[in-house]
Amino acid sequence: MSELARERFCGLHITPITRRRIDNFKRNRRGFWSFWMFMAMFFLSLFAEVIANDRPLLVSYENEFYVPVLKAYPETVFGGEFETEADYRDEFVADLINEKGWMIWPLIPFSFDTVNLNLPVPAPAPPDDVNWLGSDDQGRDVVARLIYGFRISVLFGLTLTIVSAAVGISVGAFQGFYGGLLDLLGQRFMEIWGGMPVLYLLIIMASVITPNFWWLLGLMLMFSWMGFVGVVRAEFLKARNLDFVRAAKALGVSDIKIIFKHVLPNAMVATITFMPFTLAGSVTTLTALDFLGFGLPVGSPSLGELLNQGKANLTAPWLGISGFIVIASMLSLLVFIGEAVRDAFDPRKVYR
């Protein structure tokens, strides 16, 4: 079945220009395969609790099934003595369960905060058959922390990029469409606001309150939206005096409808090509803050914190090398995707 027939069968309607952009993106082999590699890595990281966890995926005890990875069970359920949550890595609890049932463990039997108390050498321990990439200076598995750290970095970058794009597009649209005093005051405000020292503000705020995911997201959002204003504003300044906008005003169409339905699609081309690079920049910013100690709370799975451990433990090169490879691969894939998207929206770019 051809692609056109498949689109008709699924009820999709793709314009010729959109089809040309999709074809150009597919013909950029580096960007196309980078997109699927990044999506596969991100999809797997969403199930980090199933891949790396210190609780079994499934427990069978006295012909009854339990799912510890989804629900906490007290030790008394398995014949223990305490009402607290069962520690399935404890030999006493494991013997109780294996005596009358069995357990299915994840591929990596460690979570991001699990301390391996059975290391053959003092932490940080080198890679072995239990800890595939070794452990950090607190005895936590490096592979598990990389998986969880990759997920939180991508989710932080995606959330920041989407919200920043929504705010920046709206501000740039209104500035460019109305122009005049609104545009003048908006540009002067952005010049002043853009000159604020972001890193110093983070250091000052980190000494007042404990930073977390949402606190960092809100603080970074205060400055990251300005990157989208310029491209959207330029497109609106160019399009607001075109014939189709004047015709829509003459027909009595509201300004909001003209902005978001008629003019905004023309400005989205430049915005979409800019978003993958913004995502890469957001991930880099979070990694840098964690490396400096002003990012996520202590103990959180963080790629920047792993790099910081590699700097502090030069005798454990697996820490810095593992973090560097993951960050470099993630940023390289995002840059390749951004280049492919940019070329796909460029009408002068034609792949043969």
Side-chain angles (χ1 to χ4, degrees), residues 36-156 158-159 212-214 296-303 305-306 318-319 322 326:
W36 286 112
M37 291 175 60
F38 178 80
M39 292 302 298
M41 295 169 59
F42 179 55
F43 179 79
L44 290 175
S45 70
L46 293 178
F47 300 92
E49 287 79 7
V50 180
I51 301 174
N53 208 319
D54 56 0
R55 293 183 291 178
L57 300 177
L58 183 65
V59 173
S60 175
Y61 182 76
E62 293 184 342
N63 297 325
E64 294 187 11
F65 294 97
Y66 303 90
V67 189
V69 73
L70 300 178
K71 183 179 179 180
Y73 299 98
E75 186 178 307
T76 54
V77 174
F78 307 107
E81 301 176 355
F82 300 102
E83 294 289 342
T84 56
E85 182 181 356
D87 183 6
Y88 302 94
R89 298 180 56 84
D90 186 12
E91 294 183 359
F92 175 73
V93 177
D95 292 339
L96 289 175
I97 296 176
N98 292 326
E99 183 179 353
K100 298 181 180 180
W102 43 264
M103 293 185 293
I104 298 179
W105 283 89
L107 180 64
I108 302 172
F110 302 98
S111 185
F112 68 91
D113 57 351
T114 304
V115 178
N116 188 359
L117 301 177
N118 299 318
L119 292 174
V121 296
D128 54 23
D129 56 346
V130 177
N131 301 105
W132 298 345
L133 293 178
S135 66
D136 62 4
D137 56 5
Q138 299 184 31
R140 299 170 297 190
D141 186 69
V142 174
V143 177
R145 292 188 66 81
L146 286 175
I147 296 174
Y148 283 88
F150 178 87
R151 181 178 67 176
I152 197 171
S153 297
V154 175
L155 289 177
F156 180 88
L158 284 174
T159 306
N212 54 41
F213 181 91
W214 299 108
L296 297 173
V298 178
S300 301
S302 167
L303 300 178
E305 190 262 348
L306 188 62
W318 56 87
L319 296 176
S322 300
V326 172

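Residue indices begin at 1 and follow the sequence shown. Atom set for the values below is all heavy atoms of this structure, side chains included, hydrogens, waters and symmetry mates excluded.
- By the side chain to side chain contact (heavy atoms under 4.5 Å, CB included) test, Ile104 pairs with Leu58, Trp102, sequence neighbours left out.
- Shortest non-hydrogen contact noted between Ala52 and Pro106 is N-CB, 4.4 Å.
- No side-chain heavy atom of Arg151 sits under 4.5 Å from any side-chain heavy atom of Phe47.
- Put simply, CZ on Phe78 and NZ on Lys100 are 12.5 Å apart, with the number rounded to the nearest 0.5 Å.
- Considering all non-hydrogen atoms of both residues, Phe82 and Glu75 come closest at O-CB, 3.3 Å.
- In this structure the side chain of Arg89 reaches within 4.5 angstrom of the side chain of Asn116, judged on heavy atoms.
- Put simply, the side chain of Arg140 never gets that close to the backbone of Pro301: no donor and acceptor are under 3.5 Å apart.
- Between the CD1 atom of Ile108 and the CG atom of Asp54 there is a distance of 12.5 Å, given to the nearest 0.5 Å.
- The closest side-chain heavy-atom distance from Phe110 to Val130 is below 4.5 Å.
- Taking each heavy atom of Asn131 and Ser135 in turn, the nearest pair found is CB-N, 4.5 Å.
- Note that CG of Leu70 and CG of Leu57 are 9.0 Å apart. Values are rounded to the nearest 0.5 Å.
- Residues forming a side chain to side chain contact (heavy atoms under 4.5 Å, CB included) with Phe42 (at least two apart in sequence, or on another chain): Ser45, Leu46, Phe150, Val154, Leu155, Leu158.
- Note: Leu296 CG to Leu303 CG = 10.0 Å, rounded to the nearest 0.5 Å.
- The minimum heavy-atom distance between Ala123 and Gly139, with the atom names listed, is CB-N, 3.7 Å.
- Put simply, OH on Tyr73 and OH on Tyr61 are 14.5 Å apart, with the number rounded to the nearest 0.5 Å.
- Across all non-hydrogen atoms, the minimal contact from Ser111 to Tyr148 is OG-OH, 3.8 Å.
- When all heavy atoms are compared, the tightest approach of Arg145 to Ser300 is NH2-O, 2.9 Å.
- Legend: residues meeting side chain to side chain contact (heavy atoms under 4.5 Å, CB included) with Pro126, ordered by chain and number and at least two apart, are Val121, Trp318.
- Looking at Ile51 and Leu44, their side chains come closer than 4.5 Å, going by heavy atoms from C-beta outward.
- The CG atom of Leu319 sits 9.5 Å away from atom CG of Leu133, with the distance rounded to the nearest 0.5 Å.
- Considering Val143, Asp136, Leu146 as possible partners of Ser322, the one that fulfils the side chain to side chain contact (heavy atoms under 4.5 Å, CB included) test is Leu146.
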